[in-house]
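Before I ask anything, here is the structure I am working with.
Counting starts at 1 for both ligands and their atoms, following the listed order. Heavy-atom basis, side chains included; hydrogens, waters and symmetry copies ignored.
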Amino acid sequence: MTTPTTEDSAAAGAYRVLVLNSGSSSVKYQLLDMSDRTRLAVGLVERIGEKTSRLVHTPLVGGGAERRERTGPIADHEAALKAAARELAADGLGLDSPRLAAIGHRVVHGGLRFTEPVVIDDEVLKEIERLVPVAPLHNPANITGIRTARALRPDLPQVAVFDTAFHTTMPEYAARYAIDTETADAHRIRRYGFHGTSHAYVSRKAAELLGRTPEEVNVIVLHLGNGASASAVAGGRCVETSMGLTPLEGLVMGTRSGDVDPAVTFHLMRVAGMSADEIDALLNKKSGLVGLCGDNDMREIRRRVDEGDARAALAFDIYVHRLKKYIGAYSAVLGRVDAVVFTAGVGENSAPVREAAVAGLEELGLAVDADLNAVRSDEPRLISPNYARVAVAVVPTDEELEIADQTFALVGRDRGPVVQAHN
Ligand code: AMP
């Protein structure tokens, strides 16, 4: 692959950012043009390492271009990224283009050291590796993605954007577990929080929706996807979040339990003879909505509830009850709440979840207008009635755009006029 020179980059205007989200067996990618913050292409490679790997690529330029799907073995992340690069090249968007300014990587765990995005060098990569013991399910895949992308374009700035970074502003009394201090510190056990890029983006967008600056508002963000987390954001800074050392703590999720008495773990070890790995799998993969009723898709659960299925109804009630507890707790943490904001797959799409989560919370100033709640839209919107003291809003999240913004802000400053990031 030819390496573009600095002169080439400057002449062409290097405004493109490739965002990579590398999972253990998948790579999601988006190519964005940061001169107008539009998407040029999006894609996904999944089931990496299996015979039935699948690549789905959608070019979003040159009107009329269609989604392409390819199946067949893709051995590893390197092959996956090369396959994605071929698809991009076929659309005239190759990774060897001088227009590419940087690659932005989603990295799940940044520990306490990474409070902001960083340009990746060997030392940064080593530190991300050092965090593998506290993020064994996520950081190894992120590291593989980084190594592969660096090998492909060694000349290009690669930026790590951390899921934990937004939460590093949490005060010590919110972040520290009440366990023996020496033990906690020796093993870096504390609450880190995740989904930070989403909480950052959505809380900022919510302020914009209210016609205020982030510094002026206190918001509770409910990121309800297959993974789910809540955060309390005061004046633009995170002061509490529901996920902890790992993404297991907090809300009921698609397959994760969220909060349980930690004694459940040793009870299962002693009484059921389960191993740590078995309990890990139970709580992370076979609990939450799927553990309660066999389904983790809220659409399916609602369909079953409407048909009178008691197990699905109980799963829904448990999910919503946990949400209410967090809304109440975070109202107390913030003192004054300006908005409660729903986002991600369930939060953006499930009117029944939004209605039920807020029902009965009038004393906290919360209410939902049934007609506004029923509207389907991709735009940020208010769903509370005019009289409500606290705004209730739906704000679609966009983690890739946030990663691209943060990446470009770090490396693209000198590359000429661009529209204002973080709007
Ligand atoms: P995410 O992790 O943000 O992609 O969210 C995925 C989850 O969103 C799915 O597991 C579904 O439970 C939920 N979801 C997606 N679309 C809808 C919808 N139209 N109604 C209710 N839930 C939905």
Side-chain angles (χ1 to χ4, degrees), residues 19 21-30 39 42-44 46 56 58 106 108 137-138 141 163 193-203 205 221-231 241-243 247-248 250-258 284-307 309 311-320 322-323 341-358 368 370 372-381 383 393-403:
V19 175
N21 183 350
S22 307
S24 55
S25 64
S26 70
V27 175
K28 290 186 201 142
Y29 61 91
Q30 292 198 1
R39 259 162 262 256
V42 301
L44 161 73
E46 58 186 0
V56 183
T58 310
R106 176 188 182 208
V108 169
L137 300 178
H138 296 99
D163 264 27
F194 299 89
H195 290 147
T197 44
S198 177
H199 287 285
Y201 176 84
V202 168
S203 56
K205 277 277 183 194
V221 178
L222 303 168
H223 176 111
L224 310 178
N226 200 27
S229 61
S231 69
T241 195
S242 59
M243 285 178 167
L248 184 55
L251 301 175
V252 176
M253 311 183 208
T255 66
R256 297 188 199 124
S257 62
N284 273 297
K285 299 195 176 136
K286 290 186 248 170
S287 296
L289 292 169
V290 92
L292 288 167
C293 74
D295 273 308
N296 63 341
D297 192 316
M298 192 51 81
R299 285 164 286 201
E300 185 57 19
I301 292 170
R302 283 307 309 176
R303 196 190 58 73
R304 286 171 57 186
V305 172
D306 291 343
E307 284 176 357
D309 183 319
R311 259 183 87 194
L314 180 59
F316 183 82
D317 289 348
I318 293 170
Y319 182 93
V320 166
R322 186 80 53 88
L323 266 178
V341 193
F342 290 87
T343 193
V346 176
E348 290 167 29
N349 295 299
S350 180
V353 165
R354 296 191 297 253
E355 184 191 334
V358 168
V368 158
L372 294 175
N373 192 29
V375 172
R376 297 196 66 84
S377 161
D378 293 333
E379 295 298 316
R381 58 202 184 272
I383 57 168
V394 180
V395 174
T397 192
D398 196 335
E399 288 165 284
E400 289 76 17
L401 181 60
E402 179 70 12
I403 292 172

Problem - Arg304/Glu307 salt bridge by N-O under 4.0 Å criterion - result: no
Practice task
Give the residue and atom name of whichever protein heavy atom lies nearest to atom 11 (C) of ligand 1, and the separation in Å to one decimal.
Solution key: Asp297 OD1, 3.5 Å
Exercise for the section: In plain terms, say whether Asp297 and Arg299 are close enough for a salt bridge, that is, a side-chain N and a carboxylate O under 4.0 Å apart. Expected result: yes
Exercise for the section: For ligand 1, indicate whether the residue Arg376 contacts it via side chain, backbone, both or neither (heavy-atom separation under 4.0 Å). Expected result: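 The answer is the side chain of Arg376.
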Exercise for the section: Measure the distance from atom 19 (N) of ligand 1 to every protein heavy atom, then report the residue, atom name and distance (to 0.1 Å) of the closest one. Expected result: Asn349 CB, 3.4 Å
Exercise for the section: Please answer whether the main-chain N or O of Ala230 pairs with a side-chain N or O of Ser242 as donor and acceptor at a distance below 3.5 Å. Expected result: yes
Handout entry: Distance flag for atom 4 (O) of ligand 1, protein heavy atom under 4.0 Å
Key =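 Looking at atom 4 (O) of ligand 1, one finds that no protein heavy atom lies closer than 4.0 Å.
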Problem - pair Leu289-Tyr319: side-chain heavy atoms closer than 4.5 Å - result: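 Yes, side chains in contact.
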Practice task
Ignoring angles and geometry beyond distance, decide whether Gly345 reaches within less than 3.5 Å of ligand 1 through its nitrogen or oxygen atoms.
Solution key: yes
Problem - Residue pair Glu348 / Thr343, side-chain donor-acceptor N/O under 3.5 Å - result: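 The answer is yes; a qualifying pair exists.
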Completion exercise
Looking at Arg299, Met298, Glu348, Met253, the heavy atom closest to atom 17 (C) of ligand 1 belongs to Arg299
Exercise for the section: Report yes if some N/O of His223 lies less than 3.5 Å from some N/O of ligand 1; otherwise report no. Expected result: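 The answer is no, given that His223 and ligand 1 share no N or O pair closer than 3.5 Å.
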Problem - Element-labelled atoms of ligand 1 that are located less than 4.0 Å from some non-hydrogen atom of Gly225 - result: 1 (P), 2 (O), 3 (O), 5 (O)
Practice task
Determine whether more than 12 heavy atoms belonging to other residues, nucleotides or ligands lie under 6.0 Å from atom CD of Glu355.
Solution key: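 Atom CD in Glu355 is not crowded, with 12 or fewer foreign heavy atoms closer than 6.0 Å.
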Practice task
Please could you name the atoms of ligand 1 that Asn296 approaches to less than 4.0 Å, counting only its heavy atoms?
Solution key: 10 (O), 12 (O)
Problem - Nearest candidate to atom 13 (C) of ligand 1, where distance is taken over non-hydrogen atoms, out of Val353, Val346, Asn226, Thr397 - result: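 Ranked by closest heavy atom to atom 13 (C) of ligand 1, first place is Val346.
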Exercise for the section: Please state whether the rings of His199 and His223 are parallel, tilted or perpendicular, taking 30° and 60° as the class boundaries. Expected result: tilted
